[in-house]
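To start, the structure under review is shown below, and the notes come after it.
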Amino acid sequence: MPEGHTIHRLAADHLGLFGGQQLAVTSPQGRFAAGAAVVDGQVLERADAHGKHLFLGFADRRWVHVHLGLYGKVAFGRLPAPSSRGAVRMLLTGRTHYAELRGPTACELVTDADKAVIAARLGPDPLRADADPERAWQMISRSRAPVAALLTDQAVVAGVGNVYRAEVLFRHGIDPARAGRSLTRAEWEVIWADLVTLMRQGVDDNRIDTVRPEHTPEAMGRPARQDAHGGEVYVYRRAGQPCLVCGTAVRTEPLRARNLFWCPGCQSR
DNA sequence: TAAGTATGTTAAG
DNA sequence: TTAACCTACTTAC
């Protein structure tokens with residue numbers, strides 16, 4: 001589930017379960033053994049999320065930088081930890097709970113300076129209070145690239161992934177193939193505001209829901225659906241199925257090695 | 001049991 | 001542009 005909302009939720013959960021505690025930090029799988037040894041026994045002081053990057057801040061300004069990539073997951077549980085299955089890259093053990101990290105693209109020890117370098121190459125994050133959507137607009141309004149590609153470019157907007165980009169474009173009737181520079185400022189402002197709303201909701205619910213109340217199956221008089229990935233969405237992974245609003249078959253096409261989903265009936269603007 | 005797919009990024013060519 | 005990486009789940013046989 002790793003789009004930005006997942007990472008911000010993880011930051012809050014780590015702080016809530018482990019903040020201010022000395023943690024046992026190990027790498028049962030071994031690939032983070034050296035880094036784990038450095039922070040083992042240290043107090044977790046902070047947790048920060050920037051886009052899809054998670055930073056766990058220990059004493060002496062040492063950060064554990066985690067990027068889940070496509071497969072990474074964190075599983076929390078109450079102690080005692082069960083004998084875990086599979087490869088656990090990092091195991092955190094606190095007073096009452098544990099956290100198991102599996103399959104991340106990145107799990108490494110970094111300094112303040114390293115963290116700043118990562119943050120500097122990211123665009124504004126709709127989930128951060130310090131985000132400046134104007135920075136994204138400057139790039140979008142000058143780009144010939146499709147708006148769908150710009151939205152998942154982490155240098156333009158940080159934290160948006162394949163689900164949020166498909167859904168936010170659907171919600172505003174925008175053709176994903178349109179060039180960034182064809183967007184009006186008003187269209188961008190509405191997209192940004194909606195990303196803030198949707199992603200905050202995603203953090204609270206720990207899943208992605210984008211379907212407006214008036215379009216739920218119940219409201220539309222259709223049988224209830226079950227989306228395999230949890231949340232209720234309009235177009236993501238619904239290729240070939242009828243659009244929840246207009247009935248047109250949802251389309252999919254690869255865009256830069258990711259599957260893009262959209263409704264040709266609703267998204268003509 | 002095997003094959004296919006995935007909410008992502010990086011490095012090589 | 002392509003391959004590589006990492007894990008878990010679903011579907012096909």
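Proteins get letters first, then strands, A, B, ... in listed order; numbering begins at 1 in each.
Among the nucleotides B/dT10, C/dC6, B/dT7, the one closest to any side-chain atom of A/Tyr71 is C/dC6.
Residue A/Arg102 places at least one side-chain N or O under 4.0 Å from the OP1 or OP2 atom of C/dA8. Considering only side-chain N and O atoms, A/Asn259 lies under 4.0 angstrom from the phosphate OP1 or OP2 of B/dA6. The phosphate of B/dT9 has OP1 or OP2 within less than 4.0 Å of a side-chain N or O from A/Gln154. Contact annotation: A/Arg258 reaches the phosphate of B/dT7 (side-chain N/O to OP1 or OP2, under 4.0 Å). In terms of phosphate contacts, A/Lys52 brings a side-chain nitrogen or oxygen within less than 4.0 Å of OP1 or OP2 of B/dT9. Put simply, A/Tyr236 has a side-chain N or O that comes within less than 4.0 Å of OP1 or OP2 on B/dT7. Residue A/Gln29 places no side-chain N or O under 4.0 Å from the OP1 or OP2 atom of C/dC6.
We find that CG of A/Leu68 is positioned 14 Å from C1' of C/dA8, with the value rounded to whole Å. In this structure, A/Arg237 places its CZ atom 10 Å from P of C/dT10, rounding to the nearest Å. Rounding to whole angstrom units, CZ of residue A/Arg165 and P of B/dT7 are separated by 9 Å. Between the CG atom of A/Leu255 and the P atom of B/dG8 there is a distance of 13 Å, given to the nearest Å. Rounded to whole Å, the distance from CD on A/Glu108 to C1' on C/dC6 is 15 Å. In this structure, A/Leu10 atom CG and B/dT7 atom C1' are separated by 13 Å, rounded to whole Å. The CZ atom of A/Arg256 sits 14 Å away from the P atom of C/dT2 (whole-angstrom rounding). For the pair A/Leu70 CG and C/dA3 P, the interatomic distance rounds to 17 Å; values are reported in whole Å.
Contacts classified as ring pair (Phe, Tyr, Trp, His ring centres under 6.0 Å) and involving residues 144-164 of chain A (residues at least two apart or in different chains) are given here: A/His5-A/Tyr164.
Residue-environment remark: CZ (A/Arg61) stays at or below the threshold of 12 foreign heavy atoms within 6.0 Å. Counting heavy-atom neighbours within 6.0 Å of A/Arg200 CZ, excluding the residue itself, gives a total of 12 or less.
Within 4.0 Å (heavy atoms only), A/Arg121 reaches sugar-phosphate atoms of the nucleic acid but no base atom.
A/Trp188 approaches A/Pro133 most closely through the heavy-atom pair NE1-O, 3.4 Å.
Comparing the C1' positions of C/dT1 and B/dT7 gives a spacing of 23 Å, expressed to the nearest Å. For the P atoms, the distance from C/dC6 to B/dA12 is 15 Å, rounded to whole Å. On the P atoms, C/dC5 is 13 Å away from B/dG13, given to the nearest whole Å.
Contact check on A/Arg207 versus A/Asp209 returns a salt bridge, with a Lys/Arg side-chain nitrogen under 4.0 Å from an Asp/Glu carboxylate oxygen.
The base-pairing partner of B/dG13, taking Watson-Crick or G-U wobble contacts with both distances under 3.5 Å, does not exist among the strands shown.
Between A/His65 and A/Phe55, the ring centre distance stays below 6.0 Å.
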